Every structure is written in C-alpha cells, then in structure tokens.
Amino acid sequence: MKILVCVSKTPDTTTKIAFNASNTELDGNGVQYIMNPYDEWYALVRALELKEALGGTVTLINVGPADNDQVIRKGLAIGADDAVRIDMNPPSALNVAFQIAEHARAESYDLILLGKETIDYNGSEIGAMVAEYLDLPFVSYATKLDTSDGKTATIQRDIEGGVEEVEVDTPFVLSAAKGLAEQRIPNMKGIMMAKSKALKVLAPAAFEDKAVTVQYTLPPAKSAVKMIAPENMEELVKLLHEEAKVI
Amino acid sequence: MVLVFAESQKGNFKKTAFEAVTYGYKTAQVLGTECVALALGTAHNAADLGLYGASKVLHVADAALDQFDSQVYAKVIAEASQQVGANVIVLSHTSTGKSIHGRLAARLSAGSVAGVNSIPTADGGFKVKKGVFSGKAIAEYEIKSEVKVLSVMGNSLQPAVVGSAAAVETLSIAVPASRVKVKSVSRIEGIVPLPEAELVVSAGRGMKGPENWGIVEDLANVLGATTACSRPVADVHWRPHHEHVGQTGIAIRPNLYIAIGISGAIQHLAGVNNSKTIVVINKDPEAPFFKAADYGVVGDLFEVVPKLTEAFKKFKAAE
Ligand SMILES: Cc1cc2nc3c(=O)[nH]c(=O)nc-3n(C[C@H](O)[C@H](O)[C@H](O)COP(=O)(O)OP(=O)(O)OC[C@H]3O[C@@H](n4cnc5c(N)ncnc54)[C@H](O)[C@@H]3O)c2cc1C
Ligand SMILES: Nc1ncnc2c1ncn2[C@@H]1O[C@H](COP(=O)(O)O)[C@@H](O)[C@H]1O
C-alpha cells in the first residue's frame, strides 16, 4: 500500500504557554515541542504495520517551517520511508489541508492517515478538509483498521456514546484515535537510518487564508479552592446547590 | 442568514442540537439576521427547534440520511446552505459535527473555527473565540470569507427557550450514495455519553482496584452523573477505555466534575479543566488537582465518597 501520514508538531502539554508582546503569536522561547501524539502513536504506527503486512511505502507530510524537520526525522526514525515538508508557516487549517491535498493529488496514495486532532488547537478538521479537497471518503476517530488486501478496509470508529463498524474501499482518508496501534519508540538503528532518508522540501501552492488568529488572551484566573472538612459533606452539597448552582 | 445543522439520533434531537440552535440564534442577533435550523433524515418534533430561536426548520427527509457519512452530509448541508443563502453555518462540535465541519469549509471555501465557546462579534470584522493549549489560553480568530463555518463546543452555553414551535419546510435535495458502508452501530444505552454529560463522577488510581468502583457508581447513580476515569485506570483495564478523560482521552466540559483519587496531572487536567465546577477528593493535601479545583476535600475517599453519596441522597429527597 502507498500510505501518506500527516504529522504535526505541537507544544508538549506540560510546557508553559506565553505570547509575544502584542499577544498575536505564541512565544516559542523555551517551549518544548513534540510530534502530535495521535499522529506518532497511532496513525504512523498503524501505517507501518500495514506496510509490514502488505508491502508498500509510508511517506510523511508536514506543512511547516524548517524547525519542524526534527519532528519529521523522528517519524523517519520510527520507520517511515521518506518525507515531504511544505515549507511555510501555515496561518490556517484550511491552508494546511489544501497543501496536503495538492501534494496527495499528484501521488495517488491508497490511504491518507492523520491524527484525530492536534493537542494544542484541537481543531479536528484537517482530515475532513483533505478528504473533501480530494473527493475521498473520510472515516474519523478510528480505533481499529483492518485490511487483508489493501483494497477494502474494515474500520471501527468512535461515535457519540458508542462504536460504529464501517467498510470502505481505498483510497480514503482516516483519522486515528487511541487504540489504533501501540506507540513505538525509535531505536538507535532507526535514528541512524533516518539521517539518510529523503526529506523533500517543497514550496507551498498559492492559497488565500480565510480564518486567522488575531489575538491570544489568558483565561481569567481561577478563584482559590474552598476546602471542606471530610465529615461535612452536607456543606459541600449545599455549596454545589446554592453557590455553584450546578445541582 | 445563520443556518444551524441540528443533529439527531434515531430521529430525536439531542441537547447539543438545542445548544447549537441557541448559539445560532444569538449569532443571528449579533448579525441582525435570522436563524434557520436544518434537520436531516428522520426527525421527530423538528418544530421544537423553534423554541430555541429557529425562525423555521428545513427538513431533508430522505431515509438514506439515517445512516451517517460525512461526505453525503457535507454535500447536502452545503447545498441547503446555498439554496437558502446562508452566510454562517453552525454545527455541534461532536464526532458527527467535527467530521462534517472541515468538509464544509473546504467545499464552500469558507473560513472555519472548530470548537468555539463564545458568541461571535461583528464590529470590525467577524471575530470568534475558542480555548487553546489545553485551556491555558483563549485564541480569537477573524473570519474573512463570505461564508463561515463554526462548530460549537458542548456545554459552552445553555439552551434557552426564546420562541415557539417553528414551521417545518421540506427541502428536496438529491442525496448521493455513500461510499462508506455502515456494518453495525452499537451504543451504550441509558447513560449520557461523556462529551454531553453535565455531571461527571471520575476516579483514578487512588481507588486501588476495579472491585472498589461500587462507591463511585453509587455516587454517580444518585446524581444521575456519567462516570469517567484517569488514563492509568483505563490502561490497566480497571475501567473501559471510553471513560478515559484527558489529553489522550476525551475532553469534557461538564457543569460538575467530581475527581476522586486522581492526582491532577497536567495531561488529565487538559481534558477536564474547562468544567464549570470541579470538586476534588484526595487524601494528599499537596495533590496538584487542588490548584484547579473549586471545592476540595482532603480525606480518605473510601470514607468521604459514601458520605457524599448520603448527603446527595438527603438533598434529593428534600427537593
Ligand atoms: C503524553 C501523556 C499523555 C497522557 N494523557 C493522559 C490523559 O489523557 N488522561 C489522564 O488521566 N492521564 C494522562 N496521562 C497520565 C498522567 O500524566 C498521570 O500519570 C495520570 O493522570 C495519573 O492518574 P491518577 O491521578 O489516577 O493516578 P496517580 O497519579 O497515581 O494519583 C492517585 C491519587 O490518588 C490519591 N489517593 C490514593 N489513595 C487515596 C485514598 N484512599 N483516598 C483519597 N485519595 C487517595 C493519591 O493521593 C493520588 O493523588 C498522560 C501522560 C502522558 C505522558
Ligand atoms: N501542519 C500540519 N502538517 C501536516 N499535518 C498536519 C498539520 N497540522 C495538522 N495535521 C494533521 O491533521 C490532524 C488533525 O489536526 P487538526 O485538524 O488541526 O486538529 C493532525 O493530527 C495531523 O495528522
């Protein structure tokens, strides 16, 4: 199977978040970046498993600046064959999806895998956008993906309050949720091999952004916690009813 | 005009649909226009969407729409929006809404913001906000395109009754065949799914083992709450995976989140810190969760939780 895996870079959840003086951009100083866990742990690993079972190639794509090469190299170290980076600082989700679709259209992949969402903006929209640009089926929140011939796939996906099983023919777009695969840690050999794998850098196609971030603010400070004695649970219930008004 | 796609399940509208219509109504007020709801497939009591501010309800009744496929839904919603000339399309930020949202944006060349949590403003450009970086910041977006697509984060506003039953108009749109075959759908019946739950009782490793969950379930039952858990608890199969909340699980924003024997690691908080009110029960006064809590109880959960259940029982009986 010829598989494309879309990978993104996000600040680690544990890093402190700060903005530039005009609050228009994230201040990247001291921010620790990681590969988006859904892309790394589930989408990429399932792609590699399918390749191991059925043969084929796994290509990574990232839309981002040169700083992202580090994250892309990690994906190559885990086992992807090669990578493409569309060289830009994407101002919108639609732009990212457009760039991915432009690349994918020419390459005719059997399968395009993404994470279910990024953990910084939680948009969960790029998969659907790529599918629409390419006029392909889209299966979101997949927790299980099986195919014996690389042509027809059976997929389990999370839906509101339950699970759905669907069948779809390749080519299609799929977003990966927890359960699709087990995280793989890159080994020394993988890391060495990654250095010589191809990472193609391409110029972006022209695109006019339609939605852009204009301002970041910090959420209002949380008021201090009210402590309640463990023997006084009636008091807690009363506060939840009268003060918090949630019951 | 603001067009709201009102999601239904087995023909019944859910709270998320009423929230979306309320959001659409308030957005229409800001823009000085009207709010119209769109129902797809079997839809019972569609006229009720008028209560939340829809001036009319458009209904594409084709039974083929009773099975969900993002491609089919996006085509139908896009066509409906073009027929009625909608400028803003509002969806729920549910797994259904999310898989349509991006498609509509691409299809209509529309600027989109996914998971908005406040009503847009329209003086000096169309602007709207959402929470980002695990609740550590709020981002404001400007959408510049003619058509805009928004998905509304669950529980970010309460459905409000502002009108009366609306006229339901049948809209005829050809429904294309789906390329995704649905083989089976299984839903856990009788409980409110976590993303929609207003009350959540959640427990972590402090429970010591799955055999002790009875006290958590008793508390949840008394409250009519949905149960959740921390990741390690789901990882070792003490609890089912669909209960796992946090960065790598489900993100929720209930009105009340009761955390029992959970330390409050940042990755856990990432999925729950948008809850309106947080109660933390932990024997360790230094547990980080207390910093994110509204109410805290330092004590042994095996003693505190049954007492809290009793107190809720008394409260319910008196009500
Ligand atoms: C990349 C990444 C992603 C992650 N994603 C998630 C996620 O999505 N969700 C998630 O939950 N975690 C996630 N984690 C794990 C997270 O970092 C924590 O390890 C986890 O949340 C801890 O679970 P816990 O609070 O149940 O257990 P612990 O940290 O072990 O805490 C147990 C708590 O119970 C208290 N306790 C013990 N006995 C009692 C008693 N008798 N009475 C009262 N209190 C008691 C203790 O004081 C302690 O605070 C992630 C980690 C990583 C690295
Ligand atoms: N800049 C990017 N380059 C490549 N893929 C991306 C990028 N941003 C997001 N993705 C992919 O799209 C998925 C969903 O992202 P989002 O819709 O932004 O939540 C991610 O898990 C990635 O697989």
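Order of the sequence lines sets the chain letters (A, B, ...), proteins ahead of strands, with each chain counted from 1. Owing to the predicted nature of the structure, the values given are computational and were not obtained by experimental measurement.
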Where does [X] contact chain A at under 4.5 Å (heavy atoms): side chain, backbone, both or neither?
X	value
B/E146	neither
B/K316	neither
B/A270	side chain
B/E7	side chain
B/L223	side chain
B/E303	neither
B/A110	backbone
B/V128	neither
B/L199	side chain
B/S70	side chain
B/T16	neither
B/E319	side chain
B/H101	side chain
B/D235	side chain

Legend entry - Residues B/K307, A/E231; criterion salt bridge (charged side-chain N to carboxylate O under 4.0 Å, His left out); working and verdict: CA-CA 8 Å; B/K307 272 197 201 128; A/E231 40 300 315; 5.5 Å; no
Legend entry - Lys/Arg cation over aromatic B/F13: B/K15, 6.0 Å, 45° cone: no
Inset, instruction - Is it possible for you to check whether B/K129 lies under 6.0 Å from the centre of the six-membered ring of B/Y141, through NZ or CZ, and within 45° of that ring's axis? - result: no
Specify which of [options] makes the most heavy-atom pairs with chain B at under 4.5 Å.
options	result
A/K245, A/E132, A/E234	A/E132
A/G179, A/P137, A/S175, A/S92	A/P137
A/D169, A/L136, A/V139, A/L218	A/L136

When you compare the side chains of [X] and [Y], does any donor N or O come within less than 3.5 Å of an acceptor on the partner?
X	Y	value
A/N68	A/K9	yes
B/T277	B/D294	no
B/S178	B/D69	yes
A/D135	B/Q71	yes
A/R157	A/T143	no

Legend entry - Side chain B/R231, main chain B/G249, donor-acceptor under 3.5 Å: no
Inset, instruction - Mind ranking B/E140, B/K314, B/E310 by heavy-atom pairs under 4.5 Å with chain A and telling me who comes out on top? - result: B/E140
Inset, instruction - Please determine, among B/S186, B/A293, B/S112, the option with the most heavy-atom pairs under 4.5 Å with chain A. - result: B/S186
Inset, instruction - Assign the ring pair B/H268 / B/F289 to parallel, tilted or perpendicular, where the plane angle (0 to 90°) is split at 30° and 60°. - result: perpendicular
Inset, instruction - Kindly state whether the ring of A/F138 and the ring of A/F172 have centres lying under 6.0 angstrom apart. - result: no
Legend entry - Contact listing (chain B partner; residues 25-38 of chain A; heavy atom under 4.5 Å): A/L26, A/P37, A/Y38
Inset, instruction - Pull out the residues in residues 93-107 of chain A that come under 4.5 Å of chain B, heavy atom to heavy atom, sorted by number. - result: A/L94
